[in-house]
Amino acid sequence: MLKNFYIKKLMVCGIVIFAIFLIYIIPTNEKEKLQVLEEVEYVNTEINTATIFLSDSNNYLAMAKIVVKNNDVENKAKELLEALIIDGTKQDNIPNGFKAIIPSNTKIRSLTYNEGVIKVDFTSDLMNTSAENEEKIIEAIVYTLTSIEDVKFVIIYMEGNILTTLPQSKTTLPSTLDRSFGINKEYDLNNTKDINKTTIYYISEFNNNEYYVPVTKVTNDERSKIEIIIDELSSTNVYKTNLMSYLNSNTELLSVNELEEELVVNFNSAIFNDINTKEILEEVIYTISMSINDNYDINTVVFNVEDEEIYKKVLKSIE
C-alpha cells in the first residue's frame with residue numbers, strides 16, 4: 001500500500017513538472033520562432049543596389065545594377081570597382097549580358113573620399129590592356145564612381161602617381177576627372193576648335209531586357225546641348241548601331257528655360273505616346289532626363305507640352 005502510495009505521488013509530481021515544463025518551454029519556443037522569422041524577413045527586405053557601367057555584347061559601356069553590401073561612399077566605391085575587375089571577387093554580381101573591363105590581377109591599393117572627390121590608387125595592372133581599351137577603362141571607372149550620390153570628381157592614381165597619360169595611346173588625361181570626360185565617344189569633327197561634347201542616353205536590349213547606353217558625341221556643333229540631345233534621340237539613324245530611341249521623330253523642342261536648379265523643356269504634342277491620356281513613355285522620360293543630367297548642373301527636369309506641365313523628374317532618382 002505504502003509503496004503504491006509513493007508511486008502514485010511520484011507519478012503526480014512527474015505530471016505536474018511536465019505540465020510546468022510545457023507551459024514555460026512551448027511559449028518560449030514559439031516566441032523564438034517568431035523572432036527568427038522576423039529577423040529573416042528583415043534581412044530579406046534589405047537589398048541594396050548600385051549603378052555600375054559594364055561592357056555589353058556590342059562593346060559599349062552600359063548602365064547596369066548590381067547588389068552591394070555597403071552604403072557608405074568608400075566601401076560602396078570599392079565594391080563597385082571590384083566588380084569592374086575581370087575575374088575579380090565580385091564577378092558573381094554581374095548581370096547576364098555584361099562583363100567587367102578592368103584587367104585581371106588589378107588591385108586597389110587605396111581609396112579615399114572627401115568633399116565630393118574620390119581618390120583611388122591602382123596597381124600598374126590597370127593599364128595592362130590594348131590602346132583601344134585604355135580610355136574605356138577610365139570611362140567605366142569615372143561613370144561608375146560618379147553614380148554614387150555626392151561623388152562629383154575622381155582622381156586616378158597608379159602605383160602612387162596620378163595617371164595623366166595613357167601608356168599605350170599616349171592620350172593626355174585631366175588630373176581630376178568627371179563626366180565631362182565622356183563615354184563611348186563618337187567623333188564628328190571638322191576642326192579642333194569649338195568642340196562640343198554632348199552625352200546622350202540610348203536604349204539597348206539583351207534577352208528582351210532593356211538597358212541604357214550613354215554615348216558622347218564629340219562635334220563642332222554650335223547648338224545648345226539640349227537641342228543636340230532631342231535632335232539625336234528623335235533621329236531614326238540611331239537604329240543602325242544597335243541603339244534605340246523611342247522618341248517620336250516628329251517631336252519638336254519648342255522652348256527651353258534653364259532656372260537655378262531646374263530645366264524646363266517644352267515640346268509639341270508629338271512627344272506623347274497617347275495624346276488622349278497625355279502619356280509620355282517612361283523610356284522617353286528616362287533617356288531625356290539622364291542625358292540632361294550628364295550635361296547640365298541641375299536637379300530637376302520639367303516636361304511641358306505646349307506650355308502645359310505634364311511631368312517633373314528629380315534627377316537624383318534616375319540612377
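The model shown is predicted, which means the values in this text are computed figures rather than measured ones.
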Between the side chains of Tyr201 and Asn293, does any donor sit under 3.5 Å from an acceptor? no
Tell me yes or no: between the side chains of Asn48 and Lys69, is some donor less than 3.5 Å from an acceptor? no
Does Val117 belong to the same Ile/Leu/Val/Met/Phe/Trp/Tyr cluster as Val73, with side-chain heavy atoms less than 4.5 Å apart forming each link? no
Closest heavy-atom contact between Pro95 and Leu54? CD-CD1, 4.0 Å
N/O donor-acceptor pairs under 3.5 Å from side chains in residues 254-265, not counting sequence neighbours:
unit_1: Ser255; atom_1: OG; unit_2: Asn266; atom_2: ND2; d: 3.3
unit_1: Glu261; atom_1: OE1; unit_2: Asn299; atom_2: ND2; d: 3.0

Compare every heavy atom of Val305 with every heavy atom of Ser269, then report the nearest pair and how far apart it is. CA-CG1, 3.7 Å
Test side chain to side chain donor-acceptor pair (under 3.5 Å) applied to Asp231 - qualifying residues, sequence neighbours left out: none
Taking Lys90 for its side chain and Ile66 for its backbone only, find out whether a donor-acceptor pair lies under 3.5 Å. no
For Tyr246 against Glu283, the heavy-atom pair lying closest together: CD1-CB, 3.4 Å
Identify, with sequence neighbours excluded, every residue that meets side chain to side chain donor-acceptor pair (under 3.5 Å) alongside Thr216. Thr199
Side chain to side chain donor-acceptor pair (under 3.5 Å) against Asp178, all qualifying residues, sequence neighbours excluded: Ser180
Residue set satisfying side chain to side chain contact (heavy atoms under 4.5 Å, CB included) with Asn191, at least two apart, ordered chain then number -> Lys193, Asn220
For the rings on Tyr211 and Phe98, is their centre-to-centre separation under 6.0 Å? yes
How close do Lys313 and Phe303 get, counting heavy atoms only, and between which atoms? CB-CE1, 4.5 Å
Mark yes when over 12 heavy atoms from residues, nucleotides or ligands other than Lys119 sit less than 6.0 Å from its NZ; otherwise mark no. no
State, to 0.1 Å, how close Ile141 and Leu81 come at their nearest heavy-atom pair, and which atoms those are. CG2-CD2, 4.1 Å
Between Glu227 and Ser224, a side-chain donor and acceptor under 3.5 Å: yes
Between Thr129 and Gln168 the two heavy atoms that sit nearest each other are O-CG, 3.7 Å
Answer yes or no: is there a donor N or O on one side and an acceptor on the other, between the side chain of Asp221 and the main chain of Arg223, under 3.5 Å? yes
Polar contact flag, side-chain donor to acceptor under 3.5 angstrom, Asn70-Glu79: yes
What pairs with Asp72 under side chain to side chain donor-acceptor pair (under 3.5 Å), at least two apart in sequence or on another chain? Asn75
Answer yes or no: is there a donor N or O on one side and an acceptor on the other, between the side chain of Thr251 and the main chain of Leu247, under 3.5 Å? no
